[in-house]
K.L.:
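What follows is a structure written as structure tokens; I'll ask about it next.
If you're wondering where the values come from, they're calculated on a predicted model, not measured in any experiment. When a ligand or atom number is given, it counts from 1 through the structure's own listing order.
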Amino acid sequence: MTARPVIIAPDPRLKVKCAPVESVDAEVRTLMDDMLESMHAAKGIGLAAPQVGIHKRVIVVDIRGEDKKPKPLCLANPELVWKSDDTIVHEEGCLSLPEHYAEVTRPEKVKVRFLDYDGNEREIEADGLLGTCIQHEMDHLEGILFVDHLSSLKRNIILRKLTKTKRLNNGDSG
Ligand code: GNR
Ligand code: NI
């Protein structure tokens with residue numbers, strides 16, 4: 001398995017609508033394995049394929065803490081089949097927006113249909129942190145980041161800071 005670097009915003013590769021996979025074949029399973037390794041290495045609770053530069057509809061999540069045994073979930077072609085009218089506010093972070101956090105409002109509960117690691121069609125109902133995380137990852141497949149749910153003022157503050165950090169890391173003077 002190979003941990004792949006996570007792309008940091010702003011970056012056009014994070015704004016792409018991803019394509020469905022035809023099936024969960026060996027290549028997709030390798031991608032899932034690499035994504036789990038990348039996510040664990042970065043201490044994230046979820047990761048979407050576009051964050052490692054692959055524009056396929058594949059996400060992984062693992063919301064367990066470090067104390068408990070990890071039980072990762074791999075989802076290909078996830079589809080929202082139902083969402084609650086009730087919403088919840090959760091503080092979100094994103095490996096592509098390092099060190100920035102904000103409260104995001106989303107449906108409290110969702111039902112999602114997907115292909116699992118073995119290629120079987122499954123459905124899960126998720127709420128709480130898992131529900132929030134799955135919705136956050138599914139947004140990535142549409143080229144949407146959590147900052148896109150904020151006011152343009154808050155979004156621009158975060159994106160400008162990230163641009164500045166990138167410039168500093170690249171050694172530019174501006
Ligand atoms: O590690 C992550 N934590 C997190 C916290 C609240 C809501 C969503 C997330 S997902 C994020 C990892 C990530 O960027 N996934 O795309
Ligand atoms: Ni993210």
K.L.:
Do side-chain atoms of Asp34 reach the backbone of Thr2 as a donor and acceptor pair under 3.5 angstrom?
P.N.:
yes
K.L.:
Using atom types as modelled and distance alone, determine if a side-chain donor or acceptor of His55 lies under 3.5 Å from a backbone N or O of Leu141.
P.N.:
no
K.L.:
Would Arg113 and Glu79 count as a salt bridge (charged side-chain N to carboxylate O under 4.0 Å, His left out) if you check the C-alpha gap in whole Å, the side-chain angles of each, and the deciding distance to 0.1 Å?
P.N.:
CA-CA 5 Å; Arg113 185 177 301 147; Glu79 271 180 78; 5.0 Å; no
K.L.:
Could you tell me which atoms of ligand 1, counted from 1 in the order shown, lie closer than 4.0 angstrom to a heavy atom of His140?
P.N.:
16 (O)
K.L.:
How many N, O or S atoms of the protein are nearer than 2.8 Å to the Ni ion (ligand 2)?
P.N.:
3
K.L.:
Is Arg106 salt-bridged to Glu92, cutoff N-O under 4.0 Å?
P.N.:
yes
K.L.:
Let me confirm one number: the CG-CD distance from Leu130 to Glu125, rounded to the nearest 0.5 Å.
P.N.:
11.0 Å
K.L.:
I'd like to know whether CG of Asp85 has more than 12 heavy-atom contacts from other residues, nucleotides or ligands below 6.0 angstrom.
P.N.:
no
K.L.:
Where's the contact between His136 and ligand 1, heavy-atom distance under 4.0 Å: side chain, backbone, both or neither?
P.N.:
side chain
K.L.:
Might you point out which heavy atoms bring Ala9 and Leu145 nearest each other, and give the distance in Å?
P.N.:
CB-CD1, 4.0 Å
K.L.:
For Glu108 and Thr87, run side-chain hydrogen bond (donor to acceptor under 3.5 Å, both in side chains): C-alpha distance rounded to whole Å, both residues' side-chain angles, the deciding distance at 0.1 Å, then the answer.
P.N.:
CA-CA 4 Å; Glu108 183 180 24; Thr87 57; over 6 Å; no
K.L.:
Please confirm whether the backbone N or O of Pro10 pairs with a side-chain atom of Lys166, one donor and one acceptor, at under 3.5 Å?
P.N.:
yes
K.L.:
Non-hydrogen atoms of Glu91 versus ligand 1: any pair closer than 4.0 Å?
P.N.:
yes
K.L.:
Taking it one step at a time, do Lys154 and Glu103 satisfy salt bridge (charged side-chain N to carboxylate O under 4.0 Å, His left out)?
P.N.:
CA-CA 11 Å; Lys154 286 187 185 172; Glu103 291 192 332; over 6 Å; no
K.L.:
Can you report which non-hydrogen protein atom sits closest to atom 11 (C) of ligand 1, along with the distance?
P.N.:
Gly93 O, 3.6 Å
K.L.:
Salt bridge between Glu142 and Arg57, side-chain N to carboxylate O under 4.0 Å?
P.N.:
yes
K.L.:
In the protein, what heavy atom is nearest to atom 14 (O) of ligand 1, and what distance, to one decimal place, separates them?
P.N.:
Leu95 N, 2.8 Å
K.L.:
Using a 3.5 Å cut-off on N or O atoms only, is Leu129 in polar contact with ligand 1?
P.N.:
no
K.L.:
Report yes if some N/O of Gln51 lies less than 3.5 Å from some N/O of ligand 1; otherwise report no.
P.N.:
yes
K.L.:
Tell me whether Glu137 has any N or O atom under 3.5 angstrom from an N or O of ligand 1.
P.N.:
yes
K.L.:
Report the nearest protein non-hydrogen atom to atom 12 (C) of ligand 1: residue, atom name, distance rounded to 0.1 Å.
P.N.:
Gly46 O, 3.1 Å
K.L.:
Closer than 4.0 Å to some heavy atom of Gly44 - which atoms of ligand 1 meet that?
P.N.:
1 (O)
K.L.:
May I ask you to check whether Ala48 has an N/O atom sitting below 3.5 Å from an N/O atom of ligand 1?
P.N.:
no
K.L.:
Are the side chain of Asn120 and the backbone N or O of Asp116 linked by a donor-acceptor pair below 3.5 Å?
P.N.:
no
K.L.:
Pairs in or reaching into residues 108-153: which pass ring pair (Phe, Tyr, Trp, His ring centres under 6.0 Å), with residues at least two apart or in two chains?
P.N.:
His136-His140
K.L.:
In the protein, which heavy atom is nearest to atom 7 (C) of ligand 1, and how far is it?
P.N.:
Glu92 CG, 3.5 Å
K.L.:
Just to confirm my output: which protein heavy-atom neighbour is closest to atom 2 (C) of ligand 1, and how far is it?
P.N.:
Ile45 CG1, 3.5 Å
K.L.:
Within ligand 1, which atoms have a heavy atom of Cys94 less than 4.0 Å away?
P.N.:
14 (O)
